[in-house]
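The structure appears right after this line, and notes come after that.
Source: prediction; values computed, not measured. Lettering follows sequence order; numbering is per chain, from 1.
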Amino acid sequence: MENEILKKLREIQLTTEKIQEYEKNRIQKWDRENTYHIENESAKNPFYCLVMFPYPSGRIHMGHVRNYTIGDAVARFKRLQGYDVLHPMGWDAFGLPAENAAIKHKTPPAKWTYQNIDAMRKQLKRMGLSYDWQREIATCRPEYYKWNQWIFIEMMKRGWAYKKTAPVNWCPKCETVLANEQVVDGCCWRHEDTPVEQKELSQWFFKITEFAEKLLEGHKKLEGKWPERVLTMQKHWIGKSEGTIAQFPLHEASKEALGSSYDKLKKEALEIYTTRIDTVYGVTYMALAPEHPWLDSIENPQFKQAIDAFREEVKKVSLTDREEAKDKKGLFTGIYVTHPFTGEKIPVWTANFVLATYGTGAVMSVPAHDERDFAFAKEYNLPIQYVVFPKEGEIPEDAAFTEYGILKNSGPYSGLSSAQARQKMTHDLKEKGMGDFKVQYRLHDWLLSRQRYWGTPIPVIYCDSCGIVPEKEENLPVVLPEEVEFSGSSSPLKDMPEFLKTSCPQCGKEATRETDTMDTFVDSSWYWARYISPRKEDGIADKKSAKKFLPVNEYIGGIEHATMHLLYARYFAYILNDLDVLEIDEPFAKLTTQGMVIKDGRKMSKSLGNIVDPDDFLQNQGADTIRLFSLFAAPVEKDLDWSNEGVEGALRFLKRLYRFVMGLKFVNPDLTLMQTVPEKKPTSSRGKKIWQKTHETILTVTKDFESLSFNTAIARLMELLNDLYAEFFSEDGEKLKVEKSSYELELLSFSVSSLLAMLFPVAPFLSLTLLEELGLKEEKELKWPQADEKEAQKSEVVIVVQVNGKVRDKISLPVDIEKEAALQTALQSEKIRKYVEGKEVKKQIYVPKKIINFVVG
RNA sequence: GCCGAGGUGGCGGAACUGGUAGACGCGCAUGACUCAAAAUCAUGUGUCUUCGUGGCGUGUGGGUUCGAGUCCCACCCUCGGCACCA
């Protein structure tokens, strides 16, 4: 080739300057033209791709990069396939960090939050994420949280939101109530070194427990579409158990301890919950939680003093610390109850390991068949009586036998199996009016009030004459004042008469507003619905459009939301359905949980100093590179180990691609965009090879994209480029020239166009730049490539020949060869003969296109 | 302790319903280009080896099978979740 052309060919290089230039131009164009905006009405083929919206902390981190790149690849892929993709983004904008920042920097939380949103929006745009920015929402805007309030009031009307006094976890540093799930190792989840205390407060709750069964039922629909472990975690979280409620009447021997309270309790009887009523004949004592109300009724100072001291001691330890303390402590209360089956007198104890919040806060203790009861009985020398025996073998020595078996020493029930006894005993209790079957859940009602400023105001008013009154719907939203000063640590709302003072919606008299705000999980429980109609003023979402787009087809986010957010969002979907806002059952038809981004095998964190800032890469290698690496380095659901060398490798691939396409176009100006399979097949041998490879790649990459296996899809694209390089690229430029008569130009047009289209979801900037060089006019014209199954077949295939299971040779055979012919060819191979000759062939195994195995003796 | 996921080269990771283990990438090595370096291109790269192309190789030990990373049993380790839930 002539020197001048060669020189120009060498100059074709993808530089960082070029990358920065075309990426920035493209972003401006997308922004100017609202490229990814879709209208609800005109969407014929809807696909809803949702990623978990971020808390606007100020900067995006690698976790965001990964999550949103995955979502974007899905959205772009589906768009090329012809879907009208709803791909929105917004801000989970309420929450604690804004308040902490306000105290630190003296900026109001609102201002701080809005600044952060602006900064992060810019970063996300720089990433090339194809959001419909016209649908952007921020949960801290009154237009949004108005609907939190509306939902709350509707729930309140139906008794699904209620107030109760409850012992709650209290973080002295946050000055707020923590949900049980926010307590980590006895400490606040945000202040790892601050032990949680107990405090009694009047709190707002959502009755999520009423939906426990439905939340479990709903899993059936999600099986196979949600990660198995998320479903398991939710099942455990809900913690369904089926057992028996049984009543143990008060025994008159209790009079001594209870004194005048005896008559009151006599009417009540002690109610317990057990899953092992079959062991009831082995009950040797009862155990009450230290919080159990019966303990309040003990009057005899002989018992009262010790019990009060014990309760005081237990109270000092926070709820979770109590769970950690394994040593079992307790004492006798002076109370006795009567065994419902035998009429025996049973002593009642109180014990630190009995949970007030589960069941009835009282248990029947069967040390012979429960490990905890056994340990307690040993500690306090209480009798142990075995009543269930294994079908075969012996009762373990000096331990509880906790398995099911056959009953003995159990009056009329002796001889029954555990399962039979549970049925019959419960049935008999029910007949006597002393018990019933009972399904119990671990799940608690959702405590939603927070003693915080930066959240949705709970829209209720306290009136001296009418009590607790919800705000009128026409007065919503109850607006959170944004211009505030943080005087101290408590909510500034308490010092704002303009917020506090109002009139009662019922009687009109002067009244006071609630100053508690809502848990931010309320915001994120229904945001997926708001994206449908983000600006709608008279409702949450247009019902018709919602029906079109919901449920979400692909929801992508972190595994850390497996229980709380994902359970609450499912719950809210049911609620919104019942409120006739949406027609929906499960909100997320499919869920993908991506792994963490780690560095050097450890989680990225400030303290370890191993944080990688996405901005550095965006400003140098560009968005395509960072996207490509994020998707290539690990399967979506696994942790991704960040590697700067790996990033360089991703950039190298893009540079190779650029050089190939631009070089090819330079030498063959007729190279063009070709989005359909060429009519004529190439005639050259290199052409035939690439023809087959292109078809095969299209088929496998399509499959990989469907299953979100981006890492393998990218590997296949790299292979295709490697093959193209091997067949059509040489430093001297000679191989680049193609002859029209061999149909290689059509082939290359098709192959390169397909490669670029398949790369588009991953690296849209370079992909579009090169496609435009080939002649693409409008991004909208780009389609996902189609291939022919038949053309993807290789004519010859390498078959492995084994002798006695060991690979001895590899031979190339036509794909459609008959079994006998294949075996004969294999036997003729020198290498095989060496191992087979003179021996008896006992068995011949032939798996078409795969393997031949001779078993010789 | 219980539940779940997973252990594959120097590293990240491939391998469809049992059928060439290590695709693709990183790293490394050698060569080409260059005064040189970088970049780029080409070749090689599990391990041992008496270099016969043979032995050994997917956490460990057994088993099923013509054939096991894949299936079965036991165990070890790592990660995630739950943890006195009666």
Determine whether A:Y386 and A:F401 satisfy the following criterion, ring-ring contact (aromatic ring centres under 6.0 Å, His included), listing intermediate values before the conclusion. CA-CA 8 Å; A:Y386 289 90; A:F401 174 67; 8.0 Å; no

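Rounded to an integer number of Å, the gap from CG of A:L651 to C1' of B:G25 is 14 Å. Taking atom CD on A:E648 and atom P on B:A39, their separation rounds to 9 Å, with Å as the unit. With rounding to whole Å, A:W237 atom CH2 is found 14 Å from B:G80 atom C1'. In this structure, A:M286 places its CE atom 16 Å from P of B:A86, rounding to the nearest Å. As rounded to whole Å, 14 Å separates atom C1' of B:C82 from atom CD1 of A:I559. Here the P atom of nucleotide B:C2 and the CZ atom of A:R442 are 18 Å apart, to the nearest Å. A:I598 places its CD1 atom 10 Å from the P atom of B:G80, with the value rounded to the nearest Å. Rounded to an integer number of Å, the gap from CG of A:L231 to C1' of B:A5 is 14 Å.
Ring pair A:Y281/A:H339 is tilted by interplanar angle, where 30° to 60° counts as tilted. Aromatic ring orientation, A:W349 versus A:F376: perpendicular (interplanar angle above 60°, classes split at 30° and 60°).
Inter-residue side-chain proximity for A:I272 and A:M286 is flagged as met; some heavy-atom pair is nearer than 4.5 Å. In this structure, the side chains of A:V348 and A:W294 stay at 4.5 Å or more apart for every pair of heavy atoms. Within the 4.5 Å cutoff, no side-chain heavy atoms of A:V801 are placed close to those of A:K831. A 4.5 Å side-chain heavy-atom check between A:L215 and A:I208 finds at least one atom pair inside the cut-off.
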Using the 3.5 Å cut-off, write out each protein N or O paired with an N or O of nucleotides 40-44 of chain B and the distance between them.
unit_1: B:U40; atom_1: O3'; unit_2: A:R659; atom_2: NH1; d: 3.1
unit_1: B:U40; atom_1: O3'; unit_2: A:R659; atom_2: NH2; d: 3.3
unit_1: B:C41; atom_1: OP1; unit_2: A:R656; atom_2: NH1; d: 3.0
unit_1: B:C41; atom_1: OP1; unit_2: A:R659; atom_2: NH1; d: 3.3

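Contact annotation for A:G649: backbone-only contact, meaning every heavy-atom pair under 4.0 Å involves sugar-phosphate atoms and none involves a base. As judged by a 4.0 angstrom heavy-atom cut-off over every strand, A:D639 is placed among residues touching the sugar-phosphate backbone only. Looking at heavy-atom distances under 4.0 Å, A:V363 makes contact with a base.
The 5' end of RNA chain B is approached more closely, in terms of each residue's nearest nucleotide, by A:H236 than by the other of A:M364 and A:H236. Between A:A633 and A:K843, the one whose closest nucleotide on RNA chain B sits nearer the 5' end is A:A633.
Of the candidates B:G13, B:G80, B:A83, B:G13 carries the atom nearest the A:A634 side chain, counting heavy atoms from C-beta on. Of the candidate nucleotides B:C85, B:G54, B:C3, B:C3 has the atom lying nearest to any side-chain atom of A:T232.
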Return one dot-bracket line describing RNA chain B 5' to 3' (Watson-Crick or G-U wobble pairs, both distances under 3.5 Å; ( ) same strand, [ ] crossing, | another strand, . none). (((((((..(((......[....)))((((((.......))))))(((.....)))..(((((..]....))))))))))))....

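Residues A:F705 and A:F710 bring their aromatic ring centres within 6.0 Å.
A donor-acceptor pair shorter than 3.5 Å cannot be found between the side chains of A:T350 and A:T333. Side-chain contact of A:E213 with A:Y441: a donor-acceptor pair under 3.5 Å is present, judged by distance alone. Inspection of the A:N620 and A:T16 side chains reveals no N or O donor paired with an N or O acceptor under 3.5 Å.
Salt-bridge formation is detected for the pair A:R716/A:E719: a Lys NZ or Arg NE/NH1/NH2 atom is positioned less than 4.0 Å from an Asp or Glu carboxylate oxygen.
Judged by atom type and distance alone, A:R372 reaches the base of B:A86 through a side-chain donor-acceptor pair under 3.5 Å. Looking at A:K328, its side chain comes within 3.5 Å of the base of B:C84 through a donor and an acceptor atom.
Without hydrogens or angle criteria, A:H292 side chain to A:A362 main chain gives no donor-acceptor distance under 3.5 Å.
For A:Y846, no side-chain nitrogen or oxygen approaches OP1 or OP2 of B:G67 to under 4.0 Å.
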What string of B, S and - do you get for nucleotides 16-23 of chain B 5' to 3' if you count protein non-hydrogen atoms under 4.0 Å? B--BBS-B

